[in-house]
Amino acid sequence: MRPTIIIGSRDPGVFSAVVQVLERSGLATVFRRTARETVAAVRRLDVDGVLIDARLPASLTACREIRDSRTSSRLQLVVVVARLGGSQRRTYRDAGANRVFTASSAARQIAFALAPQRRQVRLSHGGISLDPALWRVWHDGAMVELPRIEFMILDIFLRHPGRVFSRREIIARCWPSNVFVDPRTVNVHIATLRRLL
């Protein structure tokens with residue numbers, strides 16, 4: 001059975017990019033639309049992580065209940081809030097969240113926080129290094145800031161050095177499945193990646 005992540009949200013589409021990253025990493029995802037259903041699923045299933053949308057009514061209560069009934073130290077509880085204020089982060093951390101992200105955070109960062117035991121060491125090739133867990137890239141020891149798509153393209157290149165990818169393969173691996181992307185758009189992102197490196 002694949003490791004499972006429970007996602008508590010009234011709008012599953014909000015986390016489609018996160019789900020895509022999790023499922024490509026070999027994790028199964030299960031959606032629950034209420035706080036009560038989310039807590040019940042955590043108690044009933046063997047789960048590795050829980051992602052809670054803070055807009056879900058009773059999300060704070062759900063965090064406390066999951067914290068109190070946590071059967072494994074490996075279970076990661078992650079909360080996504082609309083905007084991050086110091087008190088909101090502290091409130092959810094006190095309620096049991098391991099990490100608190102904003103809705104604008106990168107899907108990959110959220111996914112890695114849900115399953116930290118699956119994090120990989122740095123990927124390297126030539127003078128380029130990439131840490132998928134920390135969302136960081138270095139070129140000859142200097143840190144390079146990359147936009148999300150460029151980071152994901154570099155990630156697949158470093159995981160498969162020497163392999164040639166078609167534009168369609170890159171689109172399938174780096175963009176959400178519900179978004180139309182013209183294959184020529186990949187050229188623009190590759191050019192940006194080359195320029196930034």
Open item on the list: Are more than 12 heavy atoms, taken from residues, nucleotides or ligands other than His139, located less than 6.0 Å from that residue's NE2 atom?
Closed with: yes
Task: Thr34 backbone acceptor or donor facing Thr38 side chain under 3.5 Å - done: yes
- [ ] Please confirm whether the backbone N or O of Ser16 pairs with a side-chain atom of Gln20, one donor and one acceptor, at under 3.5 Å?
- [x] no
Open item on the list: With a 3.5 Å distance limit and no angle check, can you tell me whether Ser59 reaches the backbone of Ala54 through a side-chain donor-acceptor pair?
Closed with: yes
Open item on the list: I'd like to know if the side chain of Arg67 reaches the main chain of Asp94, judged simply by a donor and an acceptor atom lying under 3.5 Å from each other, with no hydrogens or angles considered.
Closed with: yes
- [ ] Could you grab the distance from atom CG of Leu56 to atom CD1 of Ile52, nearest 0.5 Å is fine?
- [x] 7.5 Å
Task: Partners passing ring-ring contact (aromatic ring centres under 6.0 Å, His included) against His160 (at least two apart in sequence or in another chain) - done: Phe165
TODO: Only pairs at least two apart or in different chains count here, so list each salt bridge (Lys or Arg N to Asp or Glu O under 4.0 Å) that has a residue in residues 182-197.
DONE: Asp182-Arg184
TODO: Tell me yes or no: between the side chains of Asn98 and Arg93, is some donor less than 3.5 Å from an acceptor?
DONE: no
TODO: Would you check if the side chain of Glu65 reaches a backbone N or O of Ala62 as a donor-acceptor pair within less than 3.5 Å?
DONE: no
TODO: In plain terms, say whether Arg159 and Asp155 are close enough for a salt bridge, that is, a side-chain N and a carboxylate O under 4.0 Å apart.
DONE: yes
TODO: For the pair Thr91 (side chain) and Ser87 (backbone), establish whether a donor and an acceptor sit closer than 3.5 Å, ignoring hydrogens and angles.
DONE: yes
